[in-house]
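Below: the structure, in structure tokens.
Residues take their numbers from the sequence shown, with the count starting at 1.
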Amino acid sequence: TRDEEYQKHSIESLKSIKSRISETKKKAISEDNEKDANILLSAEFVVDALIYELTMWIELKSRDYAKAWKSIFCCFGML
């Protein structure tokens with residue numbers, strides 16, 4: 001469905017954002033900037049949680065309830 005395509009596109013966008021956050025975090029670590037590195041780590045967790053949530057919705061639509069449960073469990077683990 002169109003909604004599912006939008007969710008898949010959003011997941012790909014979030015993965016790109018996470019990649020940029022990770023690179024910036026690595027730079028902060030190399031500069032011994034612990035405060036920024038920790039903030040960026042938190043941002044990674046938030047992005048991961050969003051990815052897991054969107055994945056859960058896609059899996060629910062596909063009636064793959066076991067995978068959906070795993071995704072929501074992982075989502076809560078990120079928060």
Side-chain angles (χ1 to χ4, degrees):
T1 66
R2 186 171 59 172
D3 289 337
E4 186 174 330
E5 290 305 313
Y6 175 75
Q7 289 166 331
K8 287 179 180 179
H9 176 72
S10 295
I11 289 170
E12 291 307 312
S13 295
L14 287 166
K15 286 179 180 179
S16 175
I17 291 167
K18 183 182 175 191
S19 177
R20 286 183 277 158
I21 291 170
S22 295
E23 289 302 315
T24 306
K25 182 185 74 177
K26 286 178 188 175
K27 183 179 177 193
I29 291 169
S30 71
E31 295 172 351
D32 291 325
N33 187 340
E34 184 177 353
K35 179 182 175 187
D36 285 353
N38 285 333
I39 290 169
L40 291 162
L41 177 62
S42 296
E44 282 181 317
F45 286 153
V46 170
V47 171
D48 276 338
L50 292 170
I51 291 170
Y52 281 122
E53 181 181 5
L54 288 169
T55 301
M56 176 206 65
W57 286 112
I58 292 168
E59 291 162 345
L60 284 173
K61 290 176 186 178
S62 300
R63 297 181 186 230
D64 194 341
Y65 303 117
K67 283 185 179 178
W69 178 253
K70 181 180 176 184
S71 291
I72 196 63
F73 184 76
C74 290
C75 175
F76 286 132
M78 294 291 118
L79 300 176

Which pair of non-hydrogen atoms, one from A28 and one from A37, has the smallest distance, and what is that distance? CB-N, 3.9 Å

With sequence neighbours excluded, tell me which residues meet side chain to side chain donor-acceptor pair (under 3.5 Å) with K8. E4

d(D48 CG, T55 OG1) to nearest 0.5 Å is 10.0 Å

Report the C-alpha distance between Q7 and K61 in whole Å, list the side-chain angles of each, state the deciding distance to 0.1 Å, and finish with yes or no for side-chain contact (heavy atoms from CB on, under 4.5 Å). CA-CA 11 Å; Q7 289 166 331; K61 290 176 186 178; 3.1 Å; yes

Using the side chain to side chain contact (heavy atoms under 4.5 Å, CB included) criterion, which residues pair with S10? Sequence neighbours excluded. Y6, L54

Would you mind telling me which of K25, K18, K26 makes a salt bridge (Lys or Arg N to Asp or Glu O under 4.0 Å) with E44? K25

Enumerate the salt bridge (charged side-chain N to carboxylate O under 4.0 Å, His left out) contacts for residues 31-40, please, sequence neighbours excluded, ordered by first and then second residue. none

Separation between CD1 (I39) and OG1 (T24), nearest 0.5 Å, reads 12.5 Å

Thinking salt bridges, do E23 and R20 make one under a 4.0 Å N-O criterion? no

The reported gap from CH2 in W69 to CE in M56 (rounded to nearest 0.5 angstrom) is 11.0 Å

Which residues pass the salt bridge (charged side-chain N to carboxylate O under 4.0 Å, His left out) test with K27, sequence neighbours left out? none

Which residues satisfy the side chain to side chain contact (heavy atoms under 4.5 Å, CB included) test with L50, sequence neighbours excluded? L14, V46, E53

Set of salt bridge (charged side-chain N to carboxylate O under 4.0 Å, His left out) partners for K15, sequence neighbours left out: E12

